[in-house]
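Just below is one structure, and these are the notes that go with it.
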Amino acid sequence: MVVNTILSVMAYDYPPEKLSIYLSDDGGSDLTFYAMLEAANFSKTWLPFCKKFRVEPTSPEAYFRTASEPLSDAVNVKDWLSVKKLYEETIMRIETSIKLNRIPNHIRKQHKEFREWDFVLSKHDHQTILQILIDGRDSNAVDIEGNPLPTLVYLAREKRPQHHHHFKAGSMNALIRVSSRISNGPIILNVDCDMYSNNSKAIKYSLCLFMDEKKGDEIAYIQFLQSFDNLTKNEIYASSFRVLQQLELHGLDAIGGPCYNGSGCFHRREALCGKKYEKNYKVDWKKVSDTKADESASFLEETCKVLASCTFEHNTTWGKEMGLIYGFLVEDIITGLNIQCKGWKSMYLSPERDGFLGVAPITLLQTLVQHKRWMDGHLQVFLSRYCPLLYGYKKIPLKLRLAYCPYNLWAANCLATLYIVVVPCLCLLKGISLFPKV
Ligand SMILES: O=c1ccn([C@@H]2O[C@H](COP(=O)(O)OP(=O)(O)O[C@H]3O[C@H](CO)[C@@H](O)[C@H](O)[C@H]3O)[C@@H](O)[C@H]2O)c(=O)[nH]1
Ligand SMILES: [Mn+2]
């Protein structure tokens, strides 16, 4: 799955030398690292292929699942089939090593990076592992047609049992710091590992808004609609949140901006790192675009490790004022709210072709677990000092503060539901009329 997430974002319709892709492996597994090596290798064929055949979606799994071979000329068909075969072989090798729970010996010998795992005690107890798999600045890092490749970085942040890791928020914050040293792109796209890019124009669409001469500088993040590609026909658990996605978020967009939903979201690095919006703030895009480090990849690997260590955040405002906020089950919602309260606007984007597709819960158990987590998280926000009604006072419009509340009070809705389920039934049994007589 993660291989497809990575390949789909590597193949964006955007100059590859300006893209850097970072994978956070919170499982700290050498198998994931091996899968990344395979992905890096396959990308050399996949990227030119995407360009040539105008592939959409750029996740190979999703593409080959739905597309049929081109009928045009024989050379194209041969080309197409050989890439498909190469993809299948790549996946087969990864799946075999997952099944055997072992990296093939010759690969292990070929890549000294695997020695890092000799020091890994368990997935909850290991040092930082940071590897630059493709260094986009290196003139040898090219695809089979000689075009540059995007930078690709693998990170497993340090984990120790005595230090809290703060789940996804902690892993994102480590990525933000490491990427600030290596590529320092002014815009950060965050995609969950169970999603892939479904629209190769998404970067261009969002840059268009960020660079808007009148309103662009106010925008902190651009949230894309989240869609799912595993929905069942009748969708009995309403996993796609159609009303929220197609109606309510557009409404929020009109009154200050949608909440941050955790995935498929483009952030302005400065805003995500805690900067307050100042009136007349202007970005000089020419200046920010070229800030890559000029040290060697191995030097960067060594010096950036400390940024992903357990103790780096001690006595800093990471998780409080900087980066994603800790301590909440819905770190995304609270982070988005906090950014809006610092004066920034956000935007919601739902292009005709969905920007991202992911995996939604489809069984009753999965749905219950996820809904409970979200409800818990939202209620936790409402009862905390971040309650939008109070925290947003004088910071965001009243309309927006009120609009957050129905989500925050999702759990409390159970009382109304219980009432509707119980009271009318009792009334009917007792012969009491449900409506006043006219
Ligand atoms: O300790 C952790 C736990 C999760 N993740 C990553 O977080 C992402 C989301 O996790 P997932 O298990 O897919 O959670 P969902 O319930 O599907 O997540 C939804 O709800 C979360 C909380 O609101 C948001 O952060 C997500 O973006 C949103 O998709 C995945 O990429 C994980 O790899 C970590 O990196 N470290
Ligand atoms: Mn998910």
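Just so you know, ligand 1 is whichever comes first in the structure, and atom 1 is the first atom listed for that ligand.
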Taking it one step at a time, do S346 and Q340 satisfy side-chain hydrogen bond (donor to acceptor under 3.5 Å, both in side chains)? CA-CA 7 Å; S346 59; Q340 289 174 335; 3.1 Å; yes
Assess the residue pair Q226 and S263 against the criterion (side-chain contact (heavy atoms from CB on, under 4.5 Å)); give the C-alpha distance rounded to whole Å, side-chain angles, the decisive distance to 0.1 Å, and a yes or no. CA-CA 8 Å; Q226 293 195 358; S263 186; 3.6 Å; yes
Taking the six-membered ring for Trp, are [X] and [Y] parallel (under 30°), tilted (30 to 60°) or perpendicular (over 60°)?
X: W374; Y: W410; result: tilted
X: W80; Y: F49; result: tilted
X: F356; Y: Y12; result: perpendicular
X: F241; Y: H371; result: tilted

Compute the minimum heavy-atom distance from I333 to ligand 1 and say whether it is under 4.0 Å. no
Hey, could you give me the [atom1]/[atom2] distance between [X] and [Y], rounded to the nearest 0.5 Å?
X: L272; Y: M172; atom1: CG; atom2: CE; result: 6.0 Å
X: F42; Y: L37; atom1: CZ; atom2: CG; result: 15.5 Å
X: F266; Y: L207; atom1: CZ; atom2: CG; result: 7.5 Å
X: K168; Y: E331; atom1: NZ; atom2: CD; result: 5.0 Å

[X] N/O under 3.5 Å from ligand 1 N/O:
X: V330; value: no
X: S171; value: yes
X: S24; value: no
X: Q226; value: no
X: R157; value: no

Criterion side-chain contact (heavy atoms from CB on, under 4.5 Å) on Y348 and L225, from CA distance to verdict: CA-CA 7 Å; Y348 187 56; L225 171 139; 3.3 Å; yes
S183 versus Y22, side-chain donor and acceptor atoms under 3.5 Å: yes
Given the ring of Y391, does K395 sit roughly above its face, with NZ or CZ under 6.0 Å from the centre of the six-membered ring and within 45° of the axis? yes
Tell me whether the guanidinium CZ or amine NZ of R177 lies under 6.0 angstrom from the six-membered ring centre of W318 and within 45° of its axis. yes
Atom indices of ligand 1, in the order listed, that fall short of 4.0 Å to a heavy atom of [X]:
X: S263; result: 27 (O)
X: Q370; result: 15 (P), 16 (O), 17 (O)
X: D192; result: 8 (C), 9 (C), 26 (C), 27 (O), 28 (C), 29 (O), 31 (O)
X: W374; result: 19 (C), 20 (O), 22 (C), 23 (O)
X: G262; result: 27 (O)
X: R373; result: 14 (O), 15 (P), 16 (O), 18 (O), 20 (O), 21 (C), 22 (C)
X: D194; result: 13 (O)
X: L329; result: 22 (C)

How close does the nearest protein non-hydrogen atom get to [atom], and which residue and atom is it?
atom: atom 31 (O) of ligand 1; result: C193 N, 2.9 Å
atom: atom 24 (C) of ligand 1; result: D332 OD2, 3.3 Å
atom: atom 3 (C) of ligand 1; result: K168 N, 4.0 Å
atom: atom 1 (O) of ligand 1; result: F167 CA, 3.2 Å

Atoms of type N, O or S from protein under 2.8 Å of the Mn ion (ligand 2), total 1
Does atom NZ (K52) have a neighbourhood of more than 12 heavy atoms from anything else shown, all under 6.0 Å? yes
Heavy atoms only: which of E331, M195, H166 lies closest to atom 25 (O) of ligand 1? E331
From atom 36 (N) of ligand 1, work out which of V2, L23, D26 has a heavy atom at the shortest distance. D26
Would you check if the distance from the ring center of F114 to the ring center of F33 is below 6.0 Å? yes
